[in-house]
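Accompanying notes for the structure given below.
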Amino acid sequence: MNLHNGHLYWPESYTNITHFPELEEDISCDVLIVGGGMAGALCAHVLSRETDLDVALIDRRHPGSGSSSANTGLLQFSSDKMLHELMEQMGEQDAVYFYKLCQDAMKDLSKVASELSEDPDFRPQKSLYYASSKEDAAKLAREYEALKKNHFPVEYLEPSDISSRFPFSKPAALVTSGDADVNPFKCVQIMLKDAAANGVRIYEQTPLLHKTKNVHGFTCESEKGTVSARYIIFATGYENDFLAQQMGADLNRSYAIVTEPVDSLRTWYKEWMIWETNRPYLYMRTTTDGRIVAGGLDEDKAEAPLNEGLIEERGERILQKVKQHFPDISPKLSHAWCATFGESHDGLPYIGEHPNRLGEYYCLGFGGNGTVYSMLGANIIKDLITKGAHPASRLFSLER
């Protein structure tokens, strides 16, 4: 499956990557992580720093070259589903608990970034979430009340408040604190490099071909070697479309761009991240070297198109939307790509132990907050393995 096509930016922004060997022998370990993207790297980081477990990780490609290299790196505690919408869906107590978990995961991501041997271009940020229409202003007002009531860091902006900060105005907006942006590809590469230094054995070009459950755990066969593991964590993202269908998830595709560095971002107020209530939504952020990252135009198709002309055309459409917001900047397109992403039926990730195969865990951050959900998943699975329980695991059950 083509997880992405087009001209990716992040792999060009960080080239100090480590190449790991292919598995060519039989090994044993406590925990085998399958997948070396953001979810797998976070699991490796947490397990190698916070437990004494013997951990190995395999990836069918080079780690980080799947969805993580197409990730746009906006990290927010807010979900694609607003808090007040989740309250109606799952009840106020669980909805607030879920948002609190995401808020804690944001703090944990900040901690992880501070622990790494190199800076992954992690920057604390605020987010501007604006109403795309007058009708959506009432929705934002309800969301503001729900967030404020439950002590989340949020401000409500009137149209004049928005236009005093930006060269555009909208019917209303929320500003949330405690968010961040990051270079996702760089972050994954550094996490894996540091995890290897902490004892994690990492193998690339090592697909999992066959898995057998036995009394001692699992026997996992690859092309040239076998891994015997007590526990296995699937951090395979959107790679397995059959698995996604089994869980009731939808695989779609989205487009993203990166511009050339712009001369000045002075009209972009404090370089806040920006997104909107419209679905599919436009989102925008900046980079440490003065570029603009933007995305949107989601389509109900799983596989990224091979047609470079189509990707370029979608990229130009996104660029025009950026220019409509910031007419003084006149950015030029540098990179454009299309990538697969997944959404669960209820907007929550799939995290936890397989209901029928004890010791088999899943860390699948389906949704717009994949990195935040992956951080949440790494912590939950660590506790499930070492303590046998985590209070949040019931929310993300694979059989819900």
Side-chain angles (χ1 to χ4, degrees), residues 14 16-69 112 115-118 120 184-237 239-240 353-354 357-365 374-375 377-386:
Y14 183 74
N16 185 27
I17 60 176
T18 298
H19 283 281
F20 301 99
E22 181 182 353
L23 179 66
E24 296 182 325
E25 60 181 338
D26 295 343
I27 65 170
S28 61
C29 61
D30 293 322
V31 182
L32 173 65
I33 301 169
V34 181
M38 184 64 77
L42 282 167
C43 287
H45 178 89
V46 169
L47 291 175
S48 65
R49 290 185 68 93
E50 300 182 20
T51 76
D52 294 325
L53 294 167
D54 180 16
V55 180
L57 182 151
I58 60 173
D59 193 287
R60 67 185 302 175
R61 306 183 183 88
H62 177 75
S65 63
S67 297
S68 297
S69 61
V112 168
E115 293 169 345
L116 296 180
S117 59
E118 299 176 53
F185 179 80
K186 184 178 182 181
C187 189
V188 168
Q189 298 303 321
I190 299 168
M191 277 196 288
L192 292 175
K193 194 182 307 183
D194 289 359
N198 284 333
V200 177
R201 287 170 287 171
I202 300 175
Y203 303 93
E204 62 179 77
Q205 308 301 326
T206 302
L208 174 59
L209 301 180
H210 185 69
K211 169 180 63 69
T212 304
K213 184 78 169 72
N214 55 57
V215 67
H216 301 294
F218 301 89
T219 300
C220 301
E221 300 175 21
S222 189
E223 292 172 336
K224 302 177 183 178
T226 299
V227 182
S228 298
R230 291 168 58 199
Y231 309 101
I232 185 169
I233 300 173
F234 283 96
T236 47
E239 187 74 54
N240 192 329
E353 191 171 25
H354 192 284
R357 294 192 289 273
L358 297 182
E360 182 172 313
Y361 298 90
Y362 289 79
C363 185
L364 303 177
S374 296
M375 182 76 258
N379 287 327
I380 290 175
I381 292 172
K382 177 202 70 175
D383 282 0
L384 290 176
I385 291 175
T386 60

Heavy-atom closest pair, residues [X] and [Y]:
X	Y	answer
L208	C220	CD1-CB, 3.5 Å
L57	G40	CD1-O, 3.7 Å
A39	S374	CB-OG, 3.4 Å
P21	I202	CD-O, 3.7 Å
T219	S228	OG1-OG, 4.5 Å
M38	P184	CE-O, 3.8 Å

Is it true that E118 and K193 have a side-chain N and a carboxylate O under 4.0 angstrom from each other? yes

Can a donor-acceptor pair be found, under 3.5 Å and without considering hydrogens, that links the side chain of [X] to the backbone of [Y]?
X	Y	answer
S69	F185	no
D194	S117	yes
E24	K224	no
T206	L23	yes
E353	G359	yes

Please round to the nearest 0.5 Å and tell me the distance separating atom [atom1] of [X] and atom [atom2] of [Y].
X	Y	atom1	atom2	result
M375	I380	CE	CD1	10.5 Å
K186	S68	NZ	OG	15.5 Å
Q205	H19	CD	NE2	9.5 Å
L116	I190	CG	CD1	6.0 Å
L209	E223	CG	CD	5.5 Å
I385	K382	CD1	NZ	11.0 Å

Just wondering, are more than 12 heavy atoms of other shown residues or ligands nearer than 6.0 Å to CZ in R201?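 Yes, CZ of R201 has more than 12 neighbouring heavy atoms, counting only those of other groups under 6.0 Å.
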
So for atom CG, which belongs to D52, do other residues, nucleotides or ligands contribute more than 12 heavy atoms lying within a distance under 6.0 Å?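 Count not over threshold, so no.
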
Under the side chain to side chain contact (heavy atoms under 4.5 Å, CB included) rule, what do F218 and L32 come out as? Steps first, then yes or no, please. CA-CA 9 Å; F218 301 89; L32 173 65; over 6 Å; no

Given the rule in the ring pair (Phe, Tyr, Trp, His ring centres under 6.0 Å) test, do Y362 and F234 qualify, once you have shown the distances and angles that lead to the verdict? CA-CA 5 Å; Y362 289 79; F234 283 96; 5.1 Å; yes

Show, in sequence, the C-alpha distance, side-chain angles and deciding distance for V55 and D30, and conclude whether the side chain to side chain contact (heavy atoms under 4.5 Å, CB included) test is met. CA-CA 6 Å; V55 180; D30 293 322; over 6 Å; no

Can you list the steps and then say if I232 with R357 is a side chain to side chain contact (heavy atoms under 4.5 Å, CB included)? CA-CA 10 Å; I232 185 169; R357 294 192 289 273; over 6 Å; no

How about Y203 and V227: do any of their side-chain heavy atoms sit closer than 4.5 Å? no

With heavy-atom distances below 4.5 Å as the criterion, would you say the side chains of E360 and K213 are in contact?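 Answer no - side chains too far apart.
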
For a side chain to side chain contact (heavy atoms under 4.5 Å, CB included) check, start with the C-alpha distance between L47 and I233, then their side-chain angles and the critical distance, and finish with the verdict. CA-CA 11 Å; L47 291 175; I233 300 173; 3.9 Å; yes

